[in-house]
Engineer: 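Take a look at the following structure, please.
Numbers here are sequence positions counted from 1. All values below come from the heavy atoms of this structure, side chains included, with hydrogens, waters and symmetry mates left out.
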Amino acid sequence: MKKKQQHPGGGADPWPHGAPLGGAPAGLGSWKRRVSLLPFLRFSLRDYGFCMATLLVFCLGSLFYQLSGGPPRFLLDLRQYLGNSTYLDDHGPPPSKVLPFPSQVVYNRVGKCGSRTVVLLLRILSEKHGFNLVTSDIHNKTRLTKNEQMELIKNISTAEQPYLFTRHVHFLNFSRFGGDQPVYINIIRDPVNRFLSNYFFRRFGDWRGEQNHMIRTPSMRQEERYLDINECILENYPECSNPRLFYIIPYFCGQHPRCREPGEWALERAKLNVNENFLLVGILEELEDVLLLLERFLPHYFKGVLSIYKDPEHRKLGNMTVTVKKTVPSPEAVQILYQRMRYEYEFYHYVKEQFHLLKRKFGLKSHVSKPPLRPQFFIPTPLETEEPIDDEEQDDEKWLEDIYKRNQQVSLEFFLRSLKLDGSQDIKQVLWNLSSVH
């Protein structure tokens, strides 16, 4: 029986019938020796190809996810807010508390835009979820000097995390002073409706009654307190003209002096900050949808907020913060207000469109009819939400104990007859919407 040929390196000869023409390839013997030393690396070309194909599919999938941002889009925004890791983060002393969600949230609330209701909800939620609700004893100072900005940012940044800071203050750029930029949220409303709410609240207050409010605002002269809204607008009083009417945009534009000047510069900067620094800017007219989105975006803060808001014990707040002695301006006065607040309205419509896009992305349908893109005269949207108390803080428990429903309503039909309107359905719609605002 013929003996099987042995290869010098051990094992069977790879060419039992003789070496191929031209001799064996260079280095084959050493390669075979290396393979024989590592028997656990035996695999076929098919296995090798399968591994490479799997790795290629994984890399392509990862690249596609990175480029598309992944579902949904707001995760990219959260990634930006959380910042990038540095060498010190990875190799320095471990942080005292590492949270897998945004642990720094700022609600620089706009006056007379539902913030009172949201703050009351936050007090309940902070006890329920254990986050740090940080408020301020300064309520109406929205414009800060550079030193005041640095001091406030320092105080906010050193608060125990997770925290939610809330105050009436124009946008603060934390990164400008070396701080970590927090997640911003806010709510705005129709500009004319906000102005009217503030105008009459300053004079007569709400459920607490006119006499009580007069005691709390003794410096206001009687002629100013009872100044007719139409006279204020038509005679161009300071309270009813710019820059006093330029109110909402500075909350998003920031602390730059030009942010307080009505114009394109402040408008565009406010839009830019909304896109880059605000996780959500909601619309008061659709408050329930705002709360729903906040619950989805920031569940560690707002989980269960909608059920709390709809609870009968809290739902009654919607009809208990009604501004008293509120009257409707004439159509001419409304038209003038709209022209003076054109930048405010451009910003309001921009935010509203972005908010509705976000709602559609999450399958929420708007319950408010869409107004014309650029109406020739102002057509405000009727509000179905509460009128908050923003200008002066007070004890919440006392406030909740004393509130009661206001049942008096102004008769719209009588008002229309007194104006002797003959037929302009558009003007009637304006007056109806204004009169339905609480």
Side-chain angles (χ1 to χ4, degrees), residues 4-105 129 161-162 175 180-185 275-280 292-303 354 356-364:
K4 198 171 185 180
Q5 297 182 13
Q6 296 292 323
H7 190 266
D13 193 325
W15 293 288
H17 301 291
L21 190 63
L28 179 60
S30 62
W31 181 83
K32 292 294 290 181
R33 282 194 294 273
R34 286 195 296 271
V35 172
S36 65
L37 294 176
L38 300 172
F40 58 90
L41 292 179
R42 294 174 184 171
F43 53 89
S44 65
L45 291 176
R46 184 178 62 182
D47 294 334
Y48 179 81
F50 177 79
C51 291
M52 292 297 101
T54 303
L55 181 61
L56 178 62
V57 170
F58 176 81
C59 292
L60 291 176
S62 177
L63 178 62
F64 178 79
Y65 182 87
Q66 295 279 345
L67 293 176
S68 63
R73 175 55 186 259
F74 76 91
L75 291 178
L76 286 179
D77 299 329
L78 292 180
R79 188 179 308 163
Q80 175 185 351
Y81 296 136
L82 291 173
N84 298 321
S85 175
T86 64
Y87 181 86
L88 290 178
D89 294 332
D90 297 333
H91 301 85
S96 57
K97 195 172 186 180
V98 179
L99 300 172
F101 59 91
S103 58
Q104 304 171 75
V105 179
H129 300 311
Q161 299 184 19
S175 58
D180 296 328
Q181 192 72 3
V183 173
Y184 270 89
I185 58 173
N275 295 333
E276 295 185 352
N277 295 292
F278 283 80
L279 177 63
L280 176 67
L292 180 60
L293 289 178
L294 285 172
E295 185 173 358
R296 293 192 181 186
F297 290 170
L298 299 171
H300 292 82
Y301 296 89
F302 289 95
K303 184 177 181 180
Q354 299 299 314
H356 285 171
L357 286 174
L358 195 59
K359 284 175 57 177
R360 286 197 293 270
K361 187 170 186 178
F362 282 86
L364 301 177

Engineer: Quick one: do Leu292 and Arg296 satisfy side-chain contact (heavy atoms from CB on, under 4.5 Å)? Show the steps, please.
Structural biologist: CA-CA 6 Å; Leu292 180 60; Arg296 293 192 181 186; 4.3 Å; yes

Engineer: Before you tell me yes or no, could you show the steps for Ile185 and Leu298 under side-chain contact (heavy atoms from CB on, under 4.5 Å), namely the whole-Å CA-CA distance, both residues' side-chain angles and the distance that decides it to 0.1 Å?
Structural biologist: CA-CA 10 Å; Ile185 58 173; Leu298 299 171; 4.2 Å; yes

Engineer: Of the non-hydrogen atoms in Leu358 and Phe297, which two are nearest, and what is the gap between them?
Structural biologist: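 Heavy-atom minimum between the residues: CD2-CE1, 3.5 Å.
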
Engineer: Can you give me the closest heavy-atom contact between Glu295 and Lys303, atom names plus distance?
Structural biologist: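 Glu295 and Lys303 have their closest heavy atoms at CG-CA, 3.8 Å.
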
Engineer: Determine whether Leu364 and Leu293 make a side-chain contact, defined as any pair of heavy atoms from C-beta on separated by less than 4.5 Å.
Structural biologist: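 Counting from C-beta outward, Leu364 and Leu293 do come under 4.5 Å.
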
Engineer: Run the side-chain contact (heavy atoms from CB on, under 4.5 Å) check on Tyr301 and His129 step by step: do they pass?
Structural biologist: CA-CA 7 Å; Tyr301 296 89; His129 300 311; 6.0 Å; no

Engineer: Would you say Asp180 and Gln104 make side-chain contact, with heavy atoms under 4.5 Å?
Structural biologist: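 Yes. Closest side-chain heavy atoms under 4.5 Å.
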
Engineer: Kindly write out the residues that satisfy ring-ring contact (aromatic ring centres under 6.0 Å, His included) with Phe302, not counting sequence neighbours, or none if the list is empty.
Structural biologist: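 If we apply the ring-ring contact (aromatic ring centres under 6.0 Å, His included) test to Phe302, skipping adjacent residues, there are no hits.
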
Engineer: Test your reading of the model: is there a side-chain donor-acceptor pair from Gln181 to the backbone of Ser175, 3.5 Å cut-off?
Structural biologist: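 Pair found, side chain donor or acceptor close to backbone of Ser175.
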
